[in-house]
Amino acid sequence: MKHYHPPNMGIMSGVSLVFIGTAPRVFLHQSTEQLSINGEAAWLGVLMNSLCSLIMMLIVLFLINKLGGDFLSVCNKLVGKRVSWIIQLFYSLIFLISAALLLRDYVESTKLSALHDANYQLITLVYGFTVMIAAYLRIEAIARAGCFVLPFILVGSILVTILLYPFYQIYQLLPLLGNGFKPLLISGFRGAGYNLLALLIVILAPSYQNVRTMKVCFLWGLGGSAALKLLYMLVFLLTFGVEVGMEKILPFFEMARLVFVNHYLQRIEAPFIIIWVMFGMLAIALSLYIAVYLARHILNLTILRPLIPLLSVLTIAISMLPENFDQVTKYEGLLLNAEAIGIYLIPLMLLVAYFIKGKDEKCSSE
Amino acid sequence: MDNKLITKIISFFKKLILYQEPALPDRFVLQENDCDAKALDSGFPQQITQTLEELNTLLRYAYRLEHHLETVVATLRQGKRVDPQIIQEYQSLQKQQRENEPLQLGYYDNSHISKDYPVSASLKENAIVLSKLYHLPQNTGIVMRPFTIPETPSLKAMLVYMEGLSDKKYITTVVLKPLMTIQSQKSTSSDDAIERIMKENIPNGKTKKTSNFRDIQQGINSGSVILFLEGFTEAIQVDTKGWEHRNVDRPVFEQTVRGPQVAFGEVLAVNTSLIRSLCRSSDLMSEEFLLGSRSQLTAVVMYIESIANPSLVAEVKRRIKSIQTDFLVDSDVLQQMIGDHPNSPFPTTASTERPDHVASNLSEGRIAILMDGSPFVLVAPITFFSLMHSPEDYSMQTPYSSFIRVLRWICIIIALMLPAVFLSISTFHQEAIPTDLALAISVARDQVPFPTFIEILLLDMAFELLREAGLRIPGILGPTIGIVGGIILGQAIVAAKIVSPIVIIVIATTGLTSFVIPDYRLSAAIRLMRFLLTTLAAILGLVGVSVGLLILLLVLCNMKSYGIPYMAPLAPKTITGLDVVIGGPAYRQERRPDVLQAKDVTRQPHISRGWIEEPPEGSDQS
């Protein structure tokens, strides 16, 4: 029987994984939500939640640097096996539900943008099958495919923002504080939950050479995704403004649709379908894979692949539960709270545990 | 019958539900070199090896001396006169004793024989040195032929040459026959014996003396034969070059405008010599394997010992050795036996008919696998990107070859995606095309009774049929029928309003671009994937294309060719020379591809063109 070994991965793979894991909602309705909460200061909210997630990841890296091993072994050492088991179950469930809701989000977006008449169950099945194949081929293939998709996303994004230049209205960024400081602060902190999947680097720590490599992956991955989100938010604000922007369900699609350079270069949203579908599928597969990886740990299994078809079917089933798009948004709001616990509370709890007992060399699950 | 059917159905569902990971070992992954650790460890064992080799040399000398003394004692006890043979042996021993002085032995490190190592007076020592230099007996290319010159006294000699590079008939006629039938009464023990043999017994215009193994290796690797004589610290080099060249044939499938125009044939020895004629390195290894219990054909694994990664070589040899079949007659069948993904349409080895292509791959640290009777040589490991390189890229000026490479990549995208994208846009996303064009497409399709998908499928199949028929029809008729058939069929099919003219343009462009892909098997794989993408496009438009592309990308990223990632050097990102998509000039190719984990990573120094740092002759330095 083959035992599962985490593969060896380099900086480029790590960066692409973090980027894919943290930026998929940029093609969905995240920007509109930010806009409705923070108004003109939405871009500041994006900046804040990216900075918060980076700080939390650096805290987890600090713990791994001190105690060695990966995130799961750090949990074992600091809070004991039973609590660690609960933490793993919590993260596994969050990643599984996140994969399911992201899948539903992409299905709804596909219906809204590319395939108005298609049956949503057919799209769900096709996407679900693709995600299952991606997860089945494991993290190495996802990371490498991400390396290929990433440049197209960056070039495409920059191209759209440049081509929209004639529509920019600088005054739409004012007032800078938008709806005020309080909602900015709350949404800025809470939004860090969107970046929870960045934790995969420390969950898969044995795949990376050392803590320095992981730090570079966090800095470039989170930094890159923050830059992309920031760019989109700014361009979205500059182009549509708060009032019109709040009406747009798919900001990126609407921005690409607005492009008009001449008779032959206009409405370029169709080619971008290829990019954002690929990006979304990779992100869902990544979330599912980490959920499966944690489930393997929880159930103490030697192999991982047999769980993938099972959890893929579960993901598809969960994604079909919400009755409509509004319900998806509602559940996503609830999930964001849980993700915020995952990104703030658990790492801070581990940090406190480290300072209470972690410095002692005997600190272990025993 | 019923029972069997029910059992089959139950076992099918059992397999489906109770999934079990196949009990296979982990797949081979080429690990990174541990050069630094080796460098740290190398000091002490090397000294021991050197001392051991010195002791072995002295021991061999002692055995020889003991044997000589026993012969002398036996002769004297019998009351006979000491014959010239014994005197000759004594003189040889004297010379060997001088070679075996400790200082001399220490200077010439036996464990790592340098090229300047001198010729020994002992034939046996020379044979040992050659065995080490050419990695005998694994390396089967070198021939060592001991014989005796019937002079008075008789003289032991040895001929050494490279099979395939030297003309065997010429060696027999010009070197071996005159020496073996010599009738001279002059003593061979005199110091001028070599000069005399060269002048009187070898009827060849290009004959010279050599005294070190640097010249000897150069001679052997260039097709000369080397004659060693017992008791002499010099050898005779006779020019007997005789490898196959130019008269073999021109490449059929890999034709180029520039560069060498030689292709492999069906004879294994000729093929190995063609490679050796382009890569005259002493450590170009060729190891033979017998394949097929009934076909009994020889396969040869060739690699450059000082460059190729030992784990990689061992893995390739392990795979070949493990084959158990009765009939294996072609290198492409061998590829199916040893390849990493035999079920994938994408090739994991390059199959080439060009010796220059093989030689350049060997110099990068890859391995060539030749089979007797097959004009195609396998090269492994390869990456997707290396399959997009053509041998001609290196013969043209780099800006042009880079342009052609970029064009090739555009062509592969068109060959893969054009029908699928056309189908998606014309059926699902009409807003993506300008109104005029949309109207033109609509008018062209006005009287066509089929949906676009059927149109594309019909025409694509017809194109594949014409291509296949063109290949099977012999001689010049093939392409002619292809062209004529294409024109007639195209016109008729439009006139009959079965397909629209724009679909003909799409399929013709797709077909044309698929022929630009340099590797035939890669081109076939792309054509196959095109059908898959077109079908997905018919179901979900661009979303289907996107899903298909992603699955294809994931499968390619998961593939390995003999332990190295198929999509390297981009995924995973590895260090490589300026030779992935955009090619750089030859002097910029400083490193071998990192992904091959070659023993020697550096191909040439940072500044390989020494002349740019030197002042021109006669110029004023001030």
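Side chains included, hydrogens not; waters and symmetry mates left out as well; all remaining heavy atoms used. Throughout, protein chains are lettered first and strands after them, A, B, ... in sequence-line order, and every chain is numbered starting at 1.
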Trace of the salt bridge (Lys or Arg N to Asp or Glu O under 4.0 Å) decision for B/E315 with B/R318: CA-CA 5 Å; B/E315 175 64 15; B/R318 183 182 73 86; 2.9 Å; yes
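Contact annotation for A/L115: only side-chain heavy atoms (C-beta onward) come within less than 4.5 Å of a heavy atom of chain B. For A/L310, no part lies near chain B; criterion is any non-hydrogen pair under 4.5 Å. Of the atoms belonging to A/M12, it is side-chain heavy atoms, and not backbone ones, that fall under 4.5 Å from chain B.
Your options are A/A134, A/G146, A/P271, and the one with the most heavy-atom pairs under 4.5 Å with chain B is A/A134. Chosen from B/M567, B/M559, B/K573, the residue pairing most often with chain A at heavy-atom distances under 4.5 Å is B/M567. Each of A/M278, A/R144, A/E269 has some count of heavy-atom pairs under 4.5 Å with chain B, and the biggest count is that of A/R144.
Panel note: side chain B/T509, backbone B/I505; a donor-acceptor pair is recorded below 3.5 Å. Of the possible polar contacts, none joining the A/S319 side chain to the A/R104 backbone as a donor-acceptor pair under 3.5 Å is found.
Relative orientation of the A/F252 and A/F27 rings is perpendicular, given thresholds of 30° and 60° on the angle between their planes. Ring pair A/Y106/A/W276 is tilted by interplanar angle, where 30° to 60° counts as tilted.
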